[in-house]
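It should be emphasised that the depicted structure is a prediction, and the values quoted were computed from it without experimental measurement.
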Amino acid sequence: MLAKIAKPIAKLTDKYMPDPLLIVMLLTLVSFILALLSSDHSPLTLVQMWGGGISNLFTFAMQMLLVLVCGYLLATTPSVERGLNFVARRLNTPGKAVVVTTLVALLASWLNWGFGLVVGALFAKAVARFCRVDYRVLVASAYSGFIIWHGGLSGSIPLTIATPGHFAEQQIGLIDTSQTLFSTLNLALVIGLAIILPVLNYWLLPKPQDAVYVDTEQLKTNNDMAPQNVSGNRLEQARWPTATLGILGLVYLGSSFYTGEQGLNLNTIIALFLFFALLLQPNTSALITQLNNAVRSGSGIVIQFPFYAGLMALMSQSGLAKDISELFIALSDSSTLPIWSFLSAGLVNIFVPSGGGQWAVQAPLLLPAAQALEVPVSSVALAVSWGDAWTNLIQPFWAIPVLAIAGLKAKDIMGFCLIQLLASGLYIILLLALLA
């Protein structure tokens, strides 16, 4: 049934969906027009807001590029490739392939969002080498696991409001993660989606005659592993330089985790990928070969993130994001505020694809509403968190690393992601109505 529904949607997205770079350009133009219509700012002022924000994500863009590059370096080590293949070759039917890939991505994303993006895509690519399965659905399944990141251990909003010194501490105090990440509501959302999504993705599999398969020769990495300069510097073929640095880095991280100086965050995930890659790559020559391959895959991150940074600045500084949030708040009462908070966050996320940035925009509006309506702040915070994560399913911004690793375009998976969006959204709204 779902495969029949997904078929025309997939065809439409394949035919008409533009490249993600064009999407962010169009979103920027739409935001300009809406800001002009809804605010008193002059066109020049709006241009200055946009241009002034372009550099805001430079650091984050580099972090995301390093997530992709270091994850790629680790995945192309012989030992990791053997491990992925060990599991992947046992998934000998399309149903098993899709279900297990979804579960792997869900678990990895719950641990850390950056880890989930890379691991899900790499595992899907390994599975496709051994199982004849629709590659679009397989990669969409890997990406669908990303929906639970904000309800997991790296959820930026729950962690922010539990951290001393956060910008709203005087207003709401500290909200312990027992009231957010480990609350009944959040655990029910995580567990429920961990059941719903694998089943849903299984149902999305098309009939064999309608399936789109990938050429397994394009997925092989053994040829890529060949050193570029075999007859060159002998030191480049030696294992000890990379292995030594890898060990030193892992010792540093281990001691930092033990003493509490470091926790699991984006920077430490990058460092873990990098140091394990140094330890497990055969030599410097192989490392450089894979580095060149990885950097080529990250072109979308390099050029798109500055445009999103400008868009986010335009949305927040012009008051457009505030107007959207106020519209939803006006429709709310004590029983529906979490639901409208969720939906408003989902809409704002299309234009401001950043959990922390989105909370900074919406919290000053939602927190007074929650207090006035006597709705628990933890429920509203979770609603915004899940709204932010929910529409990531159709927001190409976060799909860039996954698609770069898998070798697909956004339009290849968005038809399936749209169905995942609708199904997961209904479940989240139901639980918000019952438990928030």
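The structure places CG of N201 at 11.5 Å from CG of D134, a figure rounded to the nearest 0.5 Å. The OH atom of Y135 sits 10.0 Å away from atom CG of D412, with the distance rounded to the nearest 0.5 Å. Within the model, atoms CG of L337 and CD1 of I329 stand 7.0 Å from one another, a figure rounded to the nearest 0.5 Å. The line from CG of L26 to CG of L311 is 11.5 Å long, rounded to the nearest 0.5 Å. With rounding to the nearest 0.5 Å, the separation of CH2 in W390 from CD1 in I147 is 8.5 Å. Atoms SG and CG, from C417 and N392 in turn, are 10.5 Å apart once rounded to the nearest 0.5 Å.
Using modelled atom types, one side-chain atom of T289 and one backbone atom of S285 make a donor-acceptor pair closer than 3.5 Å. Remark: the backbone N or O of V384 is not paired with any side-chain donor or acceptor of Q362 at under 3.5 angstrom. Although no hydrogens or angles enter the test, the distance criterion places no donor-acceptor pair under 3.5 Å between the side chain of N186 and the main chain of F182. In this structure, T102 contributes its side chain and V98 its backbone to a donor-acceptor pair below 3.5 Å. With hydrogens and angles disregarded, no donor-acceptor distance shorter than 3.5 Å links the side chain of S109 to the backbone of L106.
Between T77 and L74, the shortest heavy-atom contact is OG1-O, 2.7 Å. The shortest heavy-atom contact between S424 and L193 is CB-CD2, 3.8 Å. Between I428 and L189, the closest heavy-atom pair is CA-CD2, 3.8 Å. For the residue pair L280 and S79, the shortest heavy atom distance occurs at CD1-OG, 3.5 Å.
Annotation: cation-pi pair R136/F416 absent, no NZ/CZ under 6.0 Å from the ring centroid and within 45° of its normal. Taking the centre and axis of the six-membered ring of F86, the NZ or CZ atom of R90 falls inside the cone set by 45° and 6.0 Å.
For F276, the CZ atom is loosely surrounded, since the number of other residues' heavy atoms within 6.0 Å does not exceed 12. Within 6.0 Å of OH in Y202 there are 12 or fewer heavy atoms belonging to other residues, nucleotides or ligands. Atom CH2 of W50 sits in a sparse spot, with 12 or fewer heavy atoms from other residues, nucleotides or ligands closer than 6.0 Å.
A side chain to side chain contact (heavy atoms under 4.5 Å, CB included) with I247 is found for exactly one of L250, V251, T244, L245, namely V251.
Judged by distance alone, the side chains of Q395 and N349 never bring a donor and an acceptor atom under 3.5 Å apart. No side-chain donor from either of D388 and W359 sits under 3.5 Å from a side-chain acceptor of the other.
Looking at S178 and S183, their side chains never come closer than 4.5 Å, going by heavy atoms from C-beta outward.
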field: N283 and T242: CA distance, side-chain angles, deciding distance, side chain to side chain contact (heavy atoms under 4.5 Å, CB included) verdict
entry: CA-CA 6 Å; N283 48 54; T242 53; 5.6 Å; no

